[in-house]
Protein chains: 2
Amino acid sequence: MALKYISNSGDKVITTREISDSKNIPYDLLSKIMQTMKNENILSSNQGSSGGYSLSKRPDEIPLYNLISAIDGNVNIAECLKESPVKDCSMTDNCSIKSPVMLLQKEVEDLFKRKTISDFV
Amino acid sequence: MALKYISNSGDKVITTREISDSKNIPYDLLSKIMQTMKNENILSSNQGSSGGYSLSKRPDEIPLYNLISAIDGNVNIAECLKESPVKDCSMTDNCSIKSPVMLLQKEVEDLFKRKTISDFV
DNA sequence: CTAAATAGGACTATGTTAGTCCACATTCAA
DNA sequence: TTGAATGTGGACTAACATAGTCCTATTTAG
């Protein structure tokens with residue numbers, strides 16, 4: 001919703017406060033999410049009194065996949081598919097359904113890579 | 001993995017113990033999952049000393065969607081899309097990205113409905 | 001009868017994540 | 001030069017979801 005808001009605001013720099021007020025999203029929470037998106041290069045920021053955020057790229061150049069990875073850390077259908085699984089499954093090495101699961105993972109990834117922020121504005 | 005095991009065992013009735021031993025899955029845990037799949041009509045069961053489980057349908061007639069709904073209760077990309085959201089989002093009614101999110105939900109659903117257990121055996 | 005199954009309720013431990021709070025750094029403009 | 005408006009970042013909490021366990025029925029073939 002925040003990215004949509006920014007997308008629809010032309011080239012203006014947008015403050016967290018403005019989005020928070022306009023969409024009734026708790027300021028502190030949104031603030032954290034904006035920071036995360038900044039750190040993951042989805043947003044650019046300007047500090048200071050007339051600062052704020054803007055998209056780092058055009059909406060159609062930001063895959064949904066990137067946004068979700070940025071915020072959730074990954075886009076995986078199963079824990080065992082994460083790059084660094086918190087808890088590795090005791091049977092990862094001889095999992096009998098590993099390859100079809102990985103195929104499905106790939107298909108989900110592709111879907112989320114085809115979608116971009118412009119599909120949500 | 002359990003469904004694959006049963007699928008590959010012909011028409012024999014398969015016990016939880018057999019799968020548990022063969023795949024090194026904790027018996028009690030697998031037991032719960034088998035019960036859930038039974039209750040959700042993915043498996044049929046026979047009680048008693050020569051009892052066990054069998055698929056209620058052919059593998060290609062069981063969509064992955066049904067399996068996941070059975071076990072997780074839903075196949076949703078967001079809490080707000082559940083039939084009975086545990087916590088309803090304060091902005092559900094004026095969510096600015098509701099319709100594209102629902103479209104994506106539909107696409108994910110379709111993918112999981114196209115996949116069946118036979119894709120995993 | 002009894003052994004081998006499924007059935008099911010209650011419980012625990014662990015991890016995740018939304019959400020909050022506070023102190024700090026940066027910038028602009030009066 | 002100062003103060004208000006902004007982003008930055010760390011630490012913390014509360015709530016919830018879920019894997020996993022334990023214990024006690026119930027069913028049924030031999």
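In what follows, chains carry the letters A, B, and so on, assigned in the order in which the sequence lines appear, proteins first and then strands, with residues in each chain numbered from 1. Reckoned from all heavy atoms, side chains included, excluding hydrogens, waters and symmetry mates.
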Can you check the [X] [atom1] to [N] [atom2] distance for me, whole Å?
X     : N      : atom1 : atom2 : result
A:E40 : D:dT8  : CD    : P     : 13 Å
A:L30 : C:dT20 : CG    : P     : 12 Å
B:N74 : D:dT18 : CG    : P     : 8 Å
A:N76 : C:dT16 : CG    : P     : 13 Å
A:D28 : C:dC22 : CG    : P     : 10 Å
B:K38 : D:dT26 : NZ    : P     : 16 Å
B:E79 : C:dT17 : CD    : C1'   : 12 Å
B:M34 : C:dA5  : CE    : P     : 12 Å

Hey, are the side chains of A:F120 and A:L64 touching, using non-hydrogen atoms and a 4.5 Å cut-off?
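Yes, at least one pair of side-chain atoms sits under 4.5 Å.
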What distance separates B:L30 CG from B:Y5 OH, expressed to the nearest 0.5 Å?
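The distance works out to 11.0 Å.
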With a 4.0 Å cutoff (strictly under), does any side-chain N or O of [X] reach OP1 or OP2 of [N]?
X     : N     : value
A:S45 : D:dT8 : yes
A:Y27 : D:dT6 : no
A:N39 : D:dG9 : yes

Polar atom pairs between nucleotides 27-30 of chain C and protein, under 3.5 Å, N or O only, would you list them?
| unit_1 | atom_1 | unit_2 | atom_2 | d |
| --- | --- | --- | --- | --- |
| C:dT27 | O2 | A:S49 | N | 3.0 |
| C:dC28 | O4' | A:S49 | OG | 2.9 |
| C:dC28 | O2 | A:S49 | OG | 3.4 |

State whether the number of non-hydrogen atoms from other residues, nucleotides or ligands found under 6.0 Å of B:M1 atom CE is greater than 12.
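Result for CE/B:M1: enclosed.
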For B:K113, I'd like to know if atom NZ has over 12 heavy atoms of other residues, nucleotides or ligands within 6.0 Å.
yes
Consider the side chain of B:L29, meaning its heavy atoms from C-beta on, and name the nucleotide among D:dG7, D:dT21, C:dT16 that approaches it most closely.
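The listed nucleotide nearest to B:L29's side chain is D:dT21.
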Could you pull out the closest heavy-atom pair between B:I6 and B:S54, with the gap in Å?
CG2-CA, 4.1 Å
Which heavy atom of A:S7 sits nearest a heavy atom of A:I117, and at what distance?
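Reported closest heavy-atom pair: OG-CG2, 4.1 Å.
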Has the side chain of [X] got a donor or acceptor atom that lies under 3.5 Å from a matching backbone atom of [Y]?
X      : Y      : answer
B:S56  : B:I42  : yes
B:D119 : B:T116 : yes
A:S20  : A:I25  : yes
B:K4   : A:I97  : no
A:E109 : A:V75  : no

Write out a two-atom table: protein N or O, nucleotide N or O from nucleotides 10-12 of chain D, distance below 3.5 Å.
| unit_1 | atom_1 | unit_2 | atom_2 | d |
| --- | --- | --- | --- | --- |
| D:dG10 | O6 | A:K32 | NZ | 2.6 |

Please list, in numerical order, the residues of residues 12-26 of chain A that have a heavy atom closer than 4.0 Å to any atom of DNA chain D.
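Heavy-atom cutoff 4.0 Å gives A:I14, A:T15, A:T16.
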Residues A:D110 and A:R114 bridged, charged N to O under 4.0 Å:
no
